[in-house]
Amino acid sequence: MWIERKALAAEIPAAAALDTRQLCELLAALGFPVDGVASREGGDVLDVDITANRGDAMSHRGMAREVAAKLGQPLTPLAPPPVAEGAPKVPVRLESPACPLYATALLTLNPGLGGGGTPVEAQAFLRALDASAKGLPAVDASNELLHRYGHPTHAFDADRIRGAVTVRWAVAGEKLVTLDGVTRTLLAQDLVIADEAGPIALAGVMGGDGTKVTEATRRVLLESAWFDPKTVRATARRHSLHTDASHRFGRGADPAMAAVARDLLVDRLRTWAGATLEGAWTAGALPAPAAPVTLSEAMLVRVAGEPLTLAEAAEALTRLGCAVVAGSDALAAQPPTWRHDLAIPDDLAEEVLRLRGYEHIPSVLPPLEGPPQRLSPDYLLRRALARRLAHLGFHQTVTYGFISPEADAAFAAPGNAPEGRTLANPLGREYSVLRGTLLSSLKEAAEQNLRQGTREVRLFEVAPTYSSGPAGPEERFTLGLAWGGTQGGEDYLSPARPVREADLRGIAQDLGLAVIPEVRGLGEGLFGFEAPVADLPRPGERIVSTFRPFSRFPSVERDLSLLVDLGQSYGALATAMRAALPADALQDLRCVDVFRHKSLPEGRQAWLIRLRFQVDRTLMGSEVDGWVASALAAAEALGAKLRT
Amino acid sequence: MDHLLPAEILEADRAFPEALAACADLDALLRLKGAYVGREGSHAARLMDLLKAAPKEQKRDLGAAINGLKQGWEEGLTARQTELEAAKKRLNALASSWDPALPPPVPARGALHPLNRLMDRLVEVFRPLGFHVEEGPEVETEAHNFDGLNIPEDHPAKASSDTFYLAAHPELLLRTHTSPVQVRTLLRVAPDLHRLGGIRFLAPGRVYRKDEIDPTHSPMFHQVEGMLVGHGIGMQHLKGTLEYALRALFGPHTEIRLRPSYFPFVEPGCEVDVSCPLCDAQGCRVCKGSGWVEILGAGLLHPNVLRHAGIDPEEWSGWAFGMGVERMAMMLSQTPDLRLFFENDQRFLRAMGGLD
């Protein structure tokens, strides 16, 4: 909200002694940070950030109250010439508790009889606040009062109002053309001002077009009421109609200001437009004041962290407008009519600290009351996984949790229907489904890297994926990994070669995944796999495992070069060979080389199988020869031949 | 005595030094050796034939001349052989050695994402104070995301213009902050709170708000929530903890500043600024010349938040804070565009995230 320094100083003269920077610091210390300062109409205007709970501060007067309380200096008295109330000229009926109070006045405008229209100072004030004067004194005065004193008012063209004025709930389906020219279809939850022909204003939000003040207006009916904040907020949101009035009523206006604002408006119309007052009257009454709030000394001291006294608290609260009754170990404070946010003792404690300044709060480390808890194994596992993959050369990505239905369908499990994971209000189709797979996101990031000319892309992400369940999307942390491009070739010892599927299977195996996941082709020379993080082995609870004896005798290695069919299953061959060997002696059996060349018989390839034996004694050459012969026989049974 | 020798031999002898020098390797030298002193067909063999056929009275002189020639050739050949062998040895040695300045094979290096790295760091900073990590789902209920946090039922953040909802489950949404982890954790530990002696934890995680993607907005971002519940907890404990943590993060000379603010789930509420870590509070572009940067929002737990979890606010009190990870990462790194954190360019990740 814009606050003009000059206008602020008019409400709190002591503020004139502060320069703009000091004023900004003071406001920030009170909880109203200044986002920027502009120079307009020959003075500084501050863009003040006001939190949603402080509707009372949304005016120059409101801000001045805060400054006055902080400085301990008086406000300029607010004393409009009193307006004598009389019998209603137009009957006003309040039919809803959402409007307990409605002050009004009927005036005749006499542009001929003095009054030069909206004064230049008021026009400049409005311009300084980024608002503009309309040249209609009734409209400009209402607007000026809103910014200066915070209470929204409205002026109707009285000659266009038919019969009595009623504040009532709308009848569902009723129409109202608001000042912005939009036809609004009303709901039964909308509070309206109506005449006998129908709604003439959305209460606390915006006036109606049919009764607006124009150049031709000769008589105005003023409205200075108090509307229930919740009702105003709901109507403003329903109709997407956020106005200066709805902002203030929606955050809680000061009911005591209703009559004052009416009097100020009457006074301005008299001087600006030569208006004569035909009558002023009020329907309803001030809503019941909020109950006093009790603050104990114990709580004050607990929140403040230092031995503040109730007397100090009472002084601060009194400055802020509370009526305080102090007892021996607690005080009771009746908040002023403009503070709807002071409802519980904590609120009072905050006010005392706020006025005193948060810089005085001591700095103390909280004592430990119980033993610290451990980091969860799940969290540690994910953190260790990320570090491990980063050390293996992979880059951790962060991608959005929602993707397009097409990207999801490309890799998500077939049974995982996207309907249960679809957003009702996505940013767009490409961000509409909570992903059932990480691979689409990784593919996109990897391909982007390769397009940028990266030789080799190695990415991983650890993030939740979703599966549709009866009660909603079920989340589980998933590891996704993508690897593509050219591996090696960056130094004189490592030959360059394309990344192969087997590289990813090696990573999956190295991670110790319980189930080796399927490696998917993501694109040209780009592969990926994903697996639930839960499939990764958990570090054992025991720091040091139970000792298991191991042989200190040397192991013996033998290589068998086998010619096998191109279609031979390695798994079947390895299983058959293992079965033929003594399990306690066989340490390892693996294919360490595959040779395919036109020099080999057509349809055959050569596998170099390495066998490693170890037992708890020195092995004899002859017994190893026997084992190798058995392994060879098992391989030959499957059609393999020893390559010579 | 040269008159006793044939002219072509004399010529070969004159040519010998040059031929010797021209032998670039041992093979060439071997060929030269064959030509001069070989058993058959060499100059030396021809001279021996000549000596055999020479008249007796010339034998003595001729023999001496021949010996002189042969000795000269053999000495030359031996010397050259030593030289060539040494050269070959040097070459062999070079061939099996490599200039250590050649780029060696270096294991591939990856990187943690800078946002994850920053969150990990925050956990490490709070760990010595007894904080552990709590986590919660990203798909949340309205009750946990809003109601349990004292957020009024008509709060604008609940609107579908601000929060993502699930089509098939209207009561479910993508959490808009990590604060629902407060609600879940308090509900879980409430029955055990006395035995535990209160609770203190961080909740790092991803959150979602319906913002269009631009240089300063992203519909998904990260927060770290911190919470502490104990006996007699006041603003001094919030300040003390944050001062410790932010100094651990930004350096021992860091100052912090609390300013009053408002969040529905805390009372009193505050914004917390740190003295600008980039300019040492001297004033720079990042702190807009003020020397301070806003780093997080915090406050004492609103009694309704404790009550909602079945915890008596007369006995227990606490504080909470929430910190935007991207905001902090951008500030610290001066990254100009938030979208870089979600593009996952390896060059960015390596430069920004790196490895511990």
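Here is how names work: the chains are called A, B, and so on, in the same order as the sequence lines, proteins then strands, and each is numbered from 1.
Heavy atoms of B/Pro107 lying under 4.5 Å from chain A are absent altogether. Interface residue B/Leu196: backbone and side-chain heavy atoms are both found under 4.5 Å from chain A. When heavy atoms are compared at a cutoff of 4.5 Å, B/Glu255 does not approach chain A at all. For B/His222, the part lying under 4.5 angstrom from a heavy atom of chain A is the side chain only. Both the backbone and the side chain of A/Val457 come within less than 4.5 Å of a heavy atom in chain B. Residue B/Leu172 touches chain A through its side chain alone, counting heavy-atom pairs closer than 4.5 Å. Heavy atoms of B/His169 lying under 4.5 Å from chain A belong exclusively to its side chain. Both the backbone and the side chain of B/Gln346 come within less than 4.5 Å of a heavy atom of chain A. Residue contact with chain A, scored on non-hydrogen atoms closer than 4.5 Å, involves the backbone and the side chain of B/Leu129 alike. Proximity to chain A (any heavy atom under 4.5 Å) is restricted, for B/Leu228, to the side chain, taken from C-beta onward.
Checked against side-chain contact (heavy atoms from CB on, under 4.5 Å), A/Glu350 has the following partners two or more places apart in sequence or in another chain: A/Tyr358, B/Glu267, B/Pro268. Shown here are the side-chain contact (heavy atoms from CB on, under 4.5 Å) partners of A/Pro405, two or more places apart in sequence or in another chain: A/Arg429, A/Ser432, A/Val433.
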Under 3.5 Å, which donor-acceptor pairs do the side chains of residues 419-428 of chain A form with other protein atoms, sequence neighbours left out?
| from | atom 1 | to | atom 2 | distance (Å) |
| --- | --- | --- | --- | --- |
| A/Arg421 | NE | A/Asn416 | OD1 | 3.0 |
| A/Arg421 | NH1 | A/Asp408 | OD1 | 3.0 |
| A/Arg421 | NH1 | A/Asp408 | OD2 | 3.2 |
| A/Arg421 | NH1 | A/Leu434 | O | 2.7 |
| A/Arg421 | NH2 | A/Asp408 | OD2 | 2.8 |
| A/Arg421 | NH2 | A/Asn416 | O | 2.8 |
| A/Thr422 | OG1 | A/Pro418 | O | 2.7 |
| A/Asn425 | OD1 | B/Tyr165 | N | 2.9 |
| A/Asn425 | ND2 | B/Ser160 | O | 2.6 |
| A/Asn425 | ND2 | B/Thr163 | O | 2.7 |

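Residues of residues 198-206 of chain B lying under 4.5 angstrom from chain A, judged on non-hydrogen atoms, are B/Ile199, B/Arg200, B/Arg206 by number.
Close placement of the A/Trp483 and A/Phe394 rings is indicated, their centers lying within 6.0 Å of each other.
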